[in-house]
Amino acid sequence: MENKLVSSWYNLQTSVPSSYVQPPERRPGNAVLATDLKIPVIDLGGEDRDAIIRNIIKSSEEYGFFQVINHGVGEEVVEGAMRIFKEFHAMPMEEKIRESSKDPNKSCKLYTSSGRNCQDVARYWKDSLQHLCPPSGQFREFWPQKPDGYRNVIEKYTEELSKLGQKILDLISEGLGLGPKYFDGDFSSDPLVISHHYPPCPEPSLTLGTSSHKDPNILTILLQQEGITALQVRKNEAWIPVEPIPNAFVVNMGFMLQIISNGRLIGAEHRVVTNSGTVARHTIAYFINPTKETLIEPAKPLLSANSPPIYKSMTFGEVLGYFMNKGPYFEPEMRL
Ligand code: OGA
Ligand code: NI
């Protein structure tokens with residue numbers, strides 16, 4: 001069962017198998033929830049560009065997260081992508097494995113739990129499909145061809161998300177004082193899309209869907225299924241639940257943006273809890289990633305005698321190596 005997709009056996013369980021039980025300090029059942037706090041919601045369609053920039057920077061400094069509405073991505077594109085990923089995870093296991101294993105270099109893959117090669121203390125209650133999705137169309141030949149229409153639907157979705165990502169990064173770079181277009185090019189040319197599938201769970205207080213982690217990228221734009229609140233953002237010792245809002249995306253700073261901004265913007269810790277309802281939760285994470293060769297370091301224009309760099313320079317490939325082997329707690333490795 002260990003390596004089998006959770007979706008292939010979860011419905012036979014009345015309790016959580018012991019390998020999925022988190023140590024007491026990580027169990028959602030023992031956590032403090034900050035239900036009085038809310039991740040800010042930013043209207044990207046607003047007239048006042050300066051106000052939008054100020055709100056984005058403030059939210060990114062305080063929480064590392066915000067939600068966006070009026071973001072310009074068509075509802076039918078969003079619904080189409082959510083529908084096709086749900087259909088993908090509902091296919092028989094052999095078919096899912098076949099459709100996601102077309103690239104020997106694994107630019108597309110299907111995995112369960114964290115997919116990391118380090119020893120996690122416990123397993124995670126989810127299955128994920130991920131693949132590269134650059135606007136150039138490279139790697140498209142390795143994407144699933146089932147469910148029917150997959151490639152067209154996901155191509156459209158990732159094209160739209162690429163535009164939205166560029167728009168948000170422009171606002172962030174202006175807000176930081178780096179001018180527009182700072183993140184165009186190498187910082188954002190290797191995007192990745194991940195479709196997460198969190199089946200219902202008989203004992204949500206004992207287990208997690210995703211570990212507490214900081215995203216090891218520049219920026220993440222997440223589409224949450226409506227009706228289930230399961231994503232939680234850490235603020236001090238408490239967890240803020242991120243409620244799904246219709247037609248909104250959740251945006252969070254990746255840890256690379258924390259480094260580039262020399263610690264001003266937060267790559268916040270977040271995690272996913274499971275739910276005991278009757279339906280699975282699905283999310284689509286669009287990861288804006290640099291190329292492996294891109295040097296990640298505090299941006300030179302932000303440094304001065306009064307604000308010296310607090311992080312080392314490393315290529316993105318080196319950072320990813322730490323993340324994959326050491327798990328989510330890789331920050332100390334990056335400090336000067
Ligand atoms: C991620 C992530 C949250 C979710 O993919 O990095 O944090 O709710 N996903 O699926
Ligand atoms: Ni994340």
Side-chain angles (χ1 to χ4, degrees), residues 5-7 26 28 31 33 39 60 63-68 78 81-82 85-86 88-89 109-116 120 123-133 154 157-158 161 165 168 190-201 204 207-235 239-245 248-258 265-275 277 279-289 319-320 323-324 327-331:
L5 300 173
V6 179
S7 48
R26 296 189 188 183
L33 285 189
I39 296 305
S60 307
Y63 299 97
F65 269 76
F66 52 88
Q67 302 212 46
V68 289
V78 169
M82 189 52 103
F85 280 132
K86 281 186 182 173
F88 177 90
H89 289 284
K109 63 180 177 184
L110 175 67
Y111 56 93
T112 187
S113 190
S114 73
R116 276 190 295 270
D120 290 314
R123 298 176 66 78
Y124 299 99
W125 199 266
K126 85 166 161 83
D127 302 329
S128 302
L129 167 70
Q130 74 170 51
H131 58 72
L132 294 169
C133 55
I154 299 310
Y157 183 78
T158 53
L161 269 278
I168 296 170
D190 279 356
L192 179 72
V193 67
I194 313 184
S195 152
H196 295 299
H197 170 60
Y198 304 94
C201 172
T207 190
L208 287 170
T210 300
S211 68
S212 172
H213 68 283
K214 302 179 181 206
D215 290 351
N217 62 345
I218 297 279
L219 195 82
T220 306
I221 307 180
L222 181 82
L223 176 70
Q224 301 201 81
Q225 171 170 330
E226 284 172 35
I228 302 174
T229 302
L231 172 63
Q232 301 180 339
V233 178
R234 188 174 183 145
K235 178 98 176 140
W239 294 95
I240 308 173
V242 185
E243 278 172 31
I245 301 176
F249 287 107
V250 177
V251 178
N252 67 282
M253 309 300 109
F255 193 66
M256 301 312 111
L257 210 47
Q258 180 169 330
L265 309 184
I266 308 175
E269 247 181 272
H270 53 286
R271 68 179 189 182
V272 177
V273 300
T274 60
N275 79 88
V279 290
R281 173 175 180 263
H282 289 259
T283 60
I284 310 174
Y286 180 83
F287 269 59
I288 298 180
N289 281 341
V319 181
L320 274 190
F323 181 77
M324 292 305 285
Y329 301 101
F330 62 107
E331 180 170 5

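Counting starts at 1 for both ligands and their atoms, in listed order. We're numbering straight along the sequence, starting at 1. Owing to the predicted nature of the structure, the values given are computational and were not obtained by experimental measurement.
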Among protein heavy atoms, which lies nearest atom 5 (O) of ligand 1, and at what distance?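 Result for atom 5 (O) of ligand 1: H196 NE2, 2.7 Å.
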
Closest protein heavy atom to atom 2 (C) of ligand 1, given as residue, atom name and distance to 0.1 Å: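 In this structure, atom 2 (C) of ligand 1 has H213 NE2, 3.8 Å as its nearest protein heavy atom.
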
Checking side-chain polar atoms at under 3.5 Å, does [X] have a donor or acceptor matched by the opposite partner on [Y]?
X: R271; Y: Q232; answer: yes
X: H282; Y: S195; answer: no
X: Y124; Y: T112; answer: no

To make sure I understand the geometry: which N, O or S atom in D215 is closest to the Ni ion (ligand 2)?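 Output for this pair reads OD1.
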
With ring centroids as reference points, do F65 and H270 lie under 6.0 angstrom apart?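 Yes; H270 has its ring centre under 6.0 Å from that of F65.
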
Stepwise side-chain hydrogen bond (donor to acceptor under 3.5 Å, both in side chains) test for T283 and H196: CA-CA 5 Å; T283 60; H196 295 299; 4.8 Å; no

State the atoms of ligand 1, each with its element, that fall below the 4.0 Å cut-off from a heavy-atom position in [X].
X: Y198; answer: 4 (C), 10 (O)
X: A285; answer: 5 (O)
X: V272; answer: 3 (C), 4 (C), 8 (O)

Quick one: does [X]'s side chain get under 4.5 Å of [Y]'s, heavy atoms only?
X: F287; Y: P216; answer: yes
X: F255; Y: E331; answer: yes
X: L5; Y: L110; answer: yes

Relative to ligand 1, is L222 under 4.0 angstrom through side chain, backbone, both or neither, heavy atoms considered?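 The part of L222 near ligand 1 is the side chain, not the backbone.
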
Which bit of Q224 is near ligand 1, meaning a heavy atom under 4.0 Å away: side chain, backbone, both or neither?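 Q224 to ligand 1: no contact under 4.0 Å from either part.
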
At the Ni ion (ligand 2), what angle lies between atom NE2 of H270 and atom NE2 of H213, rounded to 10 degrees?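 About 90°, to the nearest ten degrees.
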
Does [X] have a heavy atom less than 4.0 Å from any atom of ligand 1?
X: R281; result: yes
X: D215; result: yes
X: T210; result: no

